[in-house]
**Student:** 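Got a structure for you, written out below as structure tokens; questions coming shortly.
In this chain, numbering begins with 1 at the start of the sequence shown. Atoms within a ligand are numbered from 1 in the order they appear, just like the ligands themselves.
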Amino acid sequence: MTRLYTRVAGTGHHVPEHVVTNEDLAARINTSDVWIRERTGIRERRFSQDGESTAQLALRASLRALEDAGCAASDLDLIVFATLSPDYFFPGSGVLLGALLDIPGVPALDVRNQCSGFLYGLQCADAMIRSGVYRRILLVGAEVHSTGLDISDQGRDIAVLFGDGAGAFILEAAEQEEGAPRGVLGVRLGADGRHAEALWCQAPSSAQFPARITAENLARREHFPQMKGRLVFKHAVTTMRDAMLGLLEELEISLNQVDLLIPHQANLRISALVQKALALPDDRVFNNIERYGNTTAASLPIAVDESLRLGRLKEGDLLALVAFGSGFTWGASLIRM
Ligand code: COA
């Protein structure tokens with residue numbers, strides 16, 4: 001007796017070439033390398049230049065993932081595109097990526113779940129593959145934050161945290177004998193919209209009458225993200241811990257079996273506290289926030305691809321992914337690579 005499962009057939013990532021160090025930011029706003037490193041672990045991030053858009057970053061990551069999987073864009077049945085920084089209010093970046101990949105007719109689904117977006121997309125893709133709707137899906141997370149940050153003293157709490165980048169998975173249907181679980185073993189998601197305003201971007205807003213964005217919005221800097229940093233921090237640690245433990249329990253897998261945990265890269269102190277709460281040693285946790293900052297929906301696939309290329313993650317390993325972000329939204333997943 002065989003069953004259908006979702007395997008990760010290929011991964012890829014792309015970050016813009018332009019490196020912005022903490023010192024570069026400190027030259028523009030009232031902050032310092034020491035403050036940023038001590039509070040967040042971040043040393044530098046990448047900023048896209050010359051109008052390189054979210055869809056264009058996604059294209060570069062997707063082509064690498066396709067090459068890694070040994071297939072062509074024309075082999076794809078669906079694009080799932082997770083981002084909070086789409087090229088336009090509409091249409092979504094998924095169709096733009098489809099055009100860049102030159103695959104007219106292939107459906108494209110946009111996922112708007114911020115730092116948890118990649119895991120929301122993963123659950124959609126996994127369910128569609130296991131139910132036989134599609135056989136090969138490109139799942140991509142990509143962000144251009146740099147054009148939406150308030151790089152001024154007023155926006156310094158958020159401006160120092162975020163960076164640009166993209167990461168992609170090719171997910172494929174595969175058959176296996178019952179009882180030998182492989183590929184995506186499970187994804188558990190959650191959301192609590194009561195905290196929507198703890199980390200949000202207020203304008204433009206279709207709920208605002210008579211215009212989505214006004215001079216007053218701009219004067220109040222409401223077109224830039226706003227965050228209650230301490231509240232987000234506190235919820236991130238406990239929610240990621242609980243999401244991970246909940247999924248492990250549901251799948252009857254023990255933490256000892258996990259070869260590598262990759263937490264969403266929001267803040268190195270958040271990752272360290274999640275690691276501590278799960279009592280995992282350093283060699284079973286992967287972080288790269290020091291080089292990229294928080295790349296939101298791109299953070300997990302960039303880190304997975306890097307850890308594979310660095311040999312920190314190998315075929316057959318049990319990978320644990322966990323994320324938390326604006327919404328609030330969160331998620332956890334276990335994948336047998
Ligand atoms: N440089 C220098 N000082 C800064 C600063 C910066 N970039 N940003 C804020 N400060 C100042 C504040 O104005 C405050 O000054 P005050 O004490 O004179 O009022 C001081 O630093 C401390 O601010 P506080 O908010 O208490 O710092 P913190 O220890 O909570 O760290 C964050 C701030 C943003 C790093 C932290 O709250 C955080 O990481 N939160 C979660 C963010 C996150 O992960 N978001 C994405 C979720 S997916």
Side-chain angles (χ1 to χ4, degrees), residues 20-45 82-85 111-120 141 143 145-146 148-165 167 189-193 195-201 221 224-244 262-275 277 287-290 292-303 321-332:
V20 177
T21 64
N22 293 345
E23 284 86 359
D24 294 333
L25 289 179
R28 295 173 64 181
I29 58 179
N30 183 15
T31 189
S32 70
D33 175 49
V34 172
W35 192 96
I36 301 170
R37 269 192 294 111
E38 284 180 355
R39 291 294 213 292
T40 72
I42 300 166
R43 291 173 184 275
E44 59 189 40
R45 73 288 292 142
T83 185
L84 71 67
S85 52
V111 172
R112 297 288 310 276
N113 293 85
Q114 303 71 249
C115 300
S116 316
F118 199 78
L119 294 183
Y120 269 74
E143 305 286 0
H145 282 298
S146 53
L149 294 172
D150 183 3
I151 305 181
S152 75
D153 289 354
Q154 279 164 278
R156 65 180 181 171
D157 58 330
I158 295 187
V160 300
L161 298 178
F162 292 94
D164 303 341
L189 302 175
D192 185 351
H195 299 291
E197 294 173 15
L199 178 47
W200 71 327
C201 187
R221 310 178 91 77
F224 292 124
Q226 316 286 330
M227 175 178 72
K228 294 185 181 121
R230 285 191 174 184
L231 182 84
V232 174
F233 191 105
K234 205 176 71 187
H235 279 269
V237 174
T238 53
T239 308
M240 285 205 273
R241 176 202 62 198
D242 293 348
M244 197 71 254
I262 303 183
H264 163 58
Q265 300 293 290
N267 181 320
L268 198 58
R269 286 192 302 151
I270 294 178
S271 293
L273 289 168
V274 172
Q275 175 181 349
N287 291 298
N288 60 8
I289 190 167
E290 51 275 26
Y292 303 131
N294 181 348
T295 57
T296 315
S299 124
L300 288 178
I302 291 175
L321 300 175
V322 68
F324 176 87
S326 157
F328 292 149
T329 58
W330 58 89

**Student:** Starting from atom 1 (N) of ligand 1, find the nearest protein heavy-atom neighbour and note its residue, name and distance.
**Tutor:** Thr31 OG1, 2.6 Å
**Student:** Give the atom numbers and elements of ligand 1 that come within less than 4.0 Å of a heavy atom of Arg269.
**Tutor:** 29 (O), 31 (O)
**Student:** Counting C-beta onward and ignoring hydrogens, is there a side-chain heavy-atom pair between Tyr120 and Thr329 closer than 4.5 Å?
**Tutor:** yes
**Student:** Applying a 4.0 Å heavy-atom criterion (strictly less than), which segment of Thr296 is in contact with ligand 1: side chain, backbone, both, or neither?
**Tutor:** neither
**Student:** Considering both backbone and side-chain atoms of His264, is one of its nitrogen or oxygen atoms within less than 3.5 Å of a nitrogen or oxygen in ligand 1?
**Tutor:** no
**Student:** Nearest to atom 25 (O) of ligand 1, what protein heavy atom do you find, and at what distance?
**Tutor:** Arg230 NE, 4.2 Å
**Student:** Return the residue, atom name and 0.1 Å-rounded distance of the protein heavy atom closest to atom 47 (C) of ligand 1.
**Tutor:** Val232 CG1, 3.6 Å
**Student:** Which ligand 1 atoms, with their elements, are less than 4.0 angstrom from a heavy-atom of Arg39?
**Tutor:** 22 (C), 27 (O), 28 (P), 29 (O), 31 (O)
**Student:** May I ask you to list the atoms of ligand 1 that are less than 4.0 angstrom from any heavy atom of Phe324?
**Tutor:** 48 (S)
**Student:** Specify side chain, backbone, both or neither for Val160, according to which of its non-hydrogen atoms lie closer than 4.0 Å to ligand 1.
**Tutor:** side chain
**Student:** So, does Arg45 use its side chain to make a donor-acceptor pair with the main chain of Val20 at under 3.5 Å?
**Tutor:** yes
**Student:** Mind checking whether Asp157 contacts ligand 1 via backbone (N, CA, C, O), side chain (CB onward), both or neither, at a 4.0 Å heavy-atom cut-off?
**Tutor:** both
**Student:** Out of all atoms in ligand 1, which are within 4.0 Å of some heavy atom of Gly325? Include the element for each.
**Tutor:** 48 (S)
**Student:** Any idea which part of Ile36 is under 4.0 Å from ligand 1, heavy-atom wise: side chain, backbone, both or neither?
**Tutor:** neither
**Student:** Distance-only, no hydrogens or angles: does the Glu23 side chain make a donor-acceptor pair with backbone N or O of Asp33 under 3.5 Å?
**Tutor:** no
**Student:** Using salt bridge (Lys or Arg N to Asp or Glu O under 4.0 Å) as the criterion, point out the one residue from Arg28, Arg221, Arg156 that pairs with Asp150.
**Tutor:** Arg221
**Student:** Does any N or O in the side chain of Ser271 come within less than 3.5 Å of the main-chain N or O of Pro263, such that one atom is a donor and the other an acceptor?
**Tutor:** no
**Student:** Checking the N or O distance criterion of under 3.5 Å, is ligand 1 in contact with Ser32?
**Tutor:** no
**Student:** Please indicate, with yes or no, if any protein heavy atom is found under 4.0 Å from atom 34 (C) of ligand 1?
**Tutor:** yes
**Student:** Indicate whether atom 17 (O) of ligand 1 is within a distance of less than 4.0 angstrom of some protein heavy atom.
**Tutor:** no
**Student:** Tell me, which protein residue and heavy-atom name are nearest atom 45 (N) of ligand 1, and how many Å apart are they?
**Tutor:** Met227 SD, 3.4 Å
**Student:** For ligand 1, is there an N or O atom under 3.5 Å from any N or O atom of Thr40?
**Tutor:** no
**Student:** Using the six-membered ring wherever Trp is involved, compare the ring planes of His235 and His195 and label them parallel, tilted or perpendicular (cut-offs 30° and 60°).
**Tutor:** tilted
**Student:** Provide, to 0.1 Å, the distance between atom 46 (C) of ligand 1 and the closest protein heavy atom, together with that atom's residue and name.
**Tutor:** Asn294 ND2, 3.7 Å
**Student:** With Leu119, which of Asn113, Leu300, Val322 fulfils side chain to side chain contact (heavy atoms under 4.5 Å, CB included)?
**Tutor:** Leu300
**Student:** Please write down residue, atom name and distance for the protein heavy atom closest to atom 39 (O) of ligand 1.
**Tutor:** Asn267 ND2, 2.7 Å
**Student:** Could you walk me through whether Leu231 and Phe328 pass side chain to side chain contact (heavy atoms under 4.5 Å, CB included), step by step?
**Tutor:** CA-CA 11 Å; Leu231 182 84; Phe328 292 149; 4.2 Å; yes
**Student:** Could you tell me whether Arg269 atom CZ has more than 12 heavy atoms of other residues or ligands within 6.0 Å of it?
**Tutor:** yes
**Student:** Which of the numbered atoms in ligand 1 are under 4.0 angstrom from any heavy atom belonging to Ala266?
**Tutor:** 44 (O), 48 (S)
**Student:** Could you list the atoms of ligand 1 found under 4.0 angstrom from a heavy atom of Gly229?
**Tutor:** 37 (O), 40 (N), 41 (C)
**Student:** For atom 32 (C) of ligand 1, find the nearest protein heavy atom and state the residue, atom name and distance (0.1 Å precision).
**Tutor:** Trp35 CH2, 4.6 Å
**Student:** Would you mind listing which atoms of ligand 1 come within a distance below 4.0 Å of any non-hydrogen atom of Ile270?
**Tutor:** 44 (O)
**Student:** Nearest protein heavy-atom contact for atom 15 (O) of ligand 1: which residue, which atom, what distance?
**Tutor:** Arg156 NH2, 4.4 Å
**Student:** Carefully, step by step, assess Asn294 and Asn267 under the rule side chain to side chain contact (heavy atoms under 4.5 Å, CB included).
**Tutor:** CA-CA 7 Å; Asn294 181 348; Asn267 181 320; over 6 Å; no
**Student:** Below 4.0 Å from ligand 1: does a non-hydrogen atom of Gln114 turn up there or not?
**Tutor:** no
**Student:** Check ligand 1 against Cys115 and write out every atom of the ligand that is under 4.0 Å from a heavy-atom position of the residue.
**Tutor:** 48 (S)
